[in-house]
Amino acid sequence: MLGVSGISSDSRDIEDAYKEGNEKAILTSKLYANIVAKFVGSYFVELGGCDAIVFTAGIGENTSLMRKAILENMESYGIEVDDAKNDKAIRGAQMDIKILPTR
């Protein structure tokens with residue numbers, strides 16, 4: 001993150017700069033989300049689907065912006081983000097923020 005943004009390696013700093021409209025922070029966030037989404041997508045294909053996508057650790061637990069960005073282009077997998085739930089997610093609490101169709 002530091003190498004691309006020139007701001008920090010801390011995702012909280014990147015998110016703050018993103019919200020201020022910093023172009024490098026926006027690029028960094030998009031790049032990070034794209035990399036994670038590629039991994040999620042590759043596992044989705046490898047496993048033939050999934051029952052849940054679990055976000056953990058600092059970014060996964062605390063950053064609704066990043067969770068949404070990661071899942072944003074996964075509609076073709078049947079994944080939709082419930083923005084109201086995603087925005088209300090509380091650190092450390094288990095919460096469903098997406099909808100996966102039943103198979």
Closest heavy-atom contact between Asp13 and Ser8?
-> OD2-OG, 2.8 Å
Can you tell if the side chain of Ile53 reaches within under 4.5 Å of the side chain of Leu71, non-hydrogen atoms only?
-> yes
Any side-chain heavy atom of Glu72 within less than 4.5 Å of one from Val81?
-> no
Side-chain contact test, heavy atoms from C-beta onward, threshold under 4.5 Å: evaluate it for Met66 versus Ser11 and give yes or no.
-> no
Please examine the side chains of Asn22 and Ile26, heavy atoms only from C-beta on, and report whether any two atoms are closer than 4.5 Å.
-> no
Could you tell me whether the side chain of Asn86 and the main chain of Ser64 form a donor-acceptor pair under 3.5 Å?
-> yes
Say you draw a straight line from OG1 of Thr63 to CZ of Arg67; how long is it, rounded to the nearest 0.5 Å?
-> 7.0 Å
Distance-minimising heavy-atom pair for Ser5 and Ile14 | OG-CD1, 3.2 Å
Could you grab the distance from atom CD1 of Ile70 to atom CG of Leu65, nearest 0.5 Å is fine?
-> 9.5 Å
Could you give the distance from CD (Glu15) to CD1 (Ile7), rounded to the nearest 0.5 Å?
-> 12.0 Å
Do Val4 and Tyr32 come close enough that some side-chain heavy atom pair is under 4.5 Å?
-> no
Note: Ser29 and Tyr18 closest approach over all heavy atoms is OG-CD1, 3.6 Å
What about Met1 and Phe39, same hydrophobic cluster or not, with Ile/Leu/Val/Met/Phe/Trp/Tyr joined at side-chain heavy-atom distances under 4.5 Å?
-> no
Spell out, yes or no, whether Leu47 and Met74 are grouped together once hydrophobic residues are joined by side-chain heavy atoms under 4.5 Å, including indirect joins.
-> no
